[in-house]
Number of protein chains: 2
Amino acid sequence: MINVSVNGYGTIGKRVADAIVQQPDMKLIGVSKTKPNHEAKTAVDKKYPLYVVKGAEESFSGVGFEVEGTIEEMIENSDIVVDATPSGVGFENSKLYKKFEVPAIVQGGEKEDSVECSFNARANFETSVGKKLVRVVSCNSTGIARLLTPIEERYGIDRARVTLIRRGADPGQPSKGPINDVILDPVYLPSHHGPDVKSVLPNINIDTLALKIPTTLMHVHVVNLSLNKSADKVRMCELLSKESRIHMVALREGIKGIAGLKELALDVGRPRGDLWENCVWEESISVEDKEVYLFQAIHQEADVVPENIDAIRAIMDECSCKESMDLTDRTIGMGLGR
Amino acid sequence: MINVSVNGYGTIGKRVADAIVQQPDMKLIGVSKTKPNHEAKTAVDKKYPLYVVKGAEESFSGVGFEVEGTIEEMIENSDIVVDATPSGVGFENSKLYKKFEVPAIVQGGEKEDSVECSFNARANFETSVGKKLVRVVSCNSTGIARLLTPIEERYGIDRARVTLIRRGADPGQPSKGPINDVILDPVYLPSHHGPDVKSVLPNINIDTLALKIPTTLMHVHVVNLSLNKSADKVRMCELLSKESRIHMVALREGIKGIAGLKELALDVGRPRGDLWENCVWEESISVEDKEVYLFQAIHQEADVVPENIDAIRAIMDECSCKESMDLTDRTIGMGLGR
């Protein structure tokens, strides 16, 4: 049994904590919060042991939230920590994890060179075995790595060109924009996503461009690939359909955008309407000799959740990539059927 | 002096009418409206002779709008008609123009095979000389043709890949969406834009993909080109800077999205905040040997306006392409400086 704690119980942390308690080989030691907000309340309601910054105990106990102890105490009692604090804070926290000699996972907002290695289960699970500080790449990089890995294995990719049409803000972020604008983010090329994908797929030749638009639900990727070998649509669909973390959106589903996907996730009872899978529109897959196009949607709040679970097993050297991915998929309920 | 009438005084028609009255070689015979709405009021205020459908005279005169006559009378008195009615109506109207033996220009919403030829000033001005029914290609195709023509001439284009991030609705269309969605439009590939560009640049190898998003201001194009000859950024910028209908957005302008461009257009006093030019972000131009990337914005309400003016001169065989484009540019005030 692996004792895991989650430092930072926000958008990613609360989802990872929920996934940890579903794992037969893991125990959730605790979660940490800086403020006694509505998210802290859900942790208390779920009976997740709540740890806080030293000195903040009273602000929690004052509103009736039982506090288990300080973050330092939580870390000391853990076999491994999943850090889901805001970008940059994870790097600061890594000094603390080192002090207590506890291995840690940080999120994609941390810099590539601030960690020992970057992680995507499908792309490079083994690289993280036995490491002390591992970064799960961002939601976009995770989605790209999942898609490109099987295609690279089968056909070889000469060049990947990905345009990221990014949600402006998460649904719970009223202070972020844009409204009625398209922001080139950045104006210059390439965006940081290409190099980030290379942190888990070092041999991929990839160019990325990114734009920010007035939506909150998901990112959309416009993918173009020039392959080394000829392909055809039927085999490309078969290849991608075999991937457990890719949902192939069928024509008869009648889903033409991200709002339709969100409605589907809510209808099937997914917690928080989460889509852990890449959603690739089968109808959009266009293959002409070595040239491929497709659209995929990436739920920014959710797709890294299974990757964090697998990263725990990789670091702890618990089992193989396939065993870990299968177990994670089965326990959280991956797969939307066809 | 060319006697021109504008059938349909909506988003495009009202702008084309305003441009016609600025031309030294044209006279605006009249404009037509189906309803006495706020746009009809501006036509009356501008003293544009107002023509209406037979039988609708009273609905206009009843609210004090002086009516000059019927649409048939307007057409009969014209040397040429610019049809700016909704998609499909232009084709229906073409029978009327044929009956009166008046040459006509229809807009990009009409089908390619419903006209004698398609028009973009920079790409194929000469093709329309002496023709009776010519289609000015859509705003998006116009923007792509303007960009690709000089690059094709200089370097040769092996393959163009363009992702169109389309505004969901014009600012004055409250009933259209989406809100908080990204619609794959269409889900399958390619979108109709690639074939439409080929109607004016038949030898271009182009793939297009399109998505509709919650903005109203402009379209954004993500352009990737594989050239036949090597290029470099400096020469590519020089080449595009020479095009009168391409505005190169400079870094120091501090514009990172379409709302910034709109603000610029309003600040410089452009009528209705119109941008007739393609706006290409200089900073976004990335050239690596034969591979080019860039972002451009296309104002869907405005960029076809100068093309309609040039199409009039082409059909009437008035002057050369260069003479027409220069005259149109000078009279309407093309160019935003650097």
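None of the values given here were measured: they were computed from a predicted structure. Order of the sequence lines fixes the chain letters, A, B, ..., with proteins taken first and strands second; residue numbering starts at 1 for each chain.
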Between B:D185, B:L294, B:L211, which has the largest tally of heavy atom pairs under 4.5 Å with chain A?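 Most pairs with chain A among the choices: B:L211.
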Top of B:G257, B:A297, B:S284, B:P186 for chain A proximity - count of heavy-atom pairs under 4.5 angstrom: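 The option with the most such pairs is B:S284.
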Name the region of [X], side chain, backbone, both or neither, that has any atom closer than 4.5 Å to a heavy atom of chain A.
X: B:Y293; answer: both
X: B:P190; answer: neither
X: B:V182; answer: both
X: B:I213; answer: side chain
X: B:R159; answer: side chain
X: B:I179; answer: neither

Below 4.5 Å from any heavy atom of chain B, which atoms of [X] appear? Answer side chain, backbone, both or neither.
X: A:S226; value: side chain
X: A:I258; value: both
X: A:P178; value: neither
X: A:N180; value: both
X: A:L261; value: neither

Residue pair [X] / [Y], side-chain heavy-atom distance below 4.5 Å:
X: A:Y188; Y: B:L251; result: no
X: A:L184; Y: B:K256; result: no
X: A:V222; Y: B:V222; result: no

Tell me if the CZ atom of B:R235 is crowded by more than 12 foreign heavy atoms within 6.0 Å.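 Check fails, neighbour count at 12 or below.
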Neighbour count above 12 (heavy atom, 6.0 Å) for B:K233 NZ: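 For B:K233, atom NZ is crowded (more than 12 foreign heavy atoms under 6.0 Å).
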Considering only heavy atoms and a distance below 4.5 Å, find which of A:L189, A:T163, A:I183 pairs most often with chain B.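 Counting heavy-atom pairs under 4.5 Å, the top option is A:L189.
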Can B:D181 and A:T215 be counted as having a side-chain donor-acceptor contact under 3.5 angstrom?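 There is no such pair (donor and acceptor under 3.5 Å, judged by atom type) between the side chains of B:D181 and A:T215.
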How many angstroms lie between CG in A:L209 and OG in B:S286, if you round to the nearest 0.5 Å?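 Answer rounded to 0.5 Å: 8.0 Å.
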Look at A:E288 together with B:R161 and state whether they make a salt bridge at an N to O cut-off of under 4.0 Å.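 Looking at A:E288 and B:R161, the cut-off is not met.
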Determine the minimum heavy-atom distance between A:V187 and B:W281, stating which atoms define it.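 The answer is CG1-CD1, 3.7 Å.
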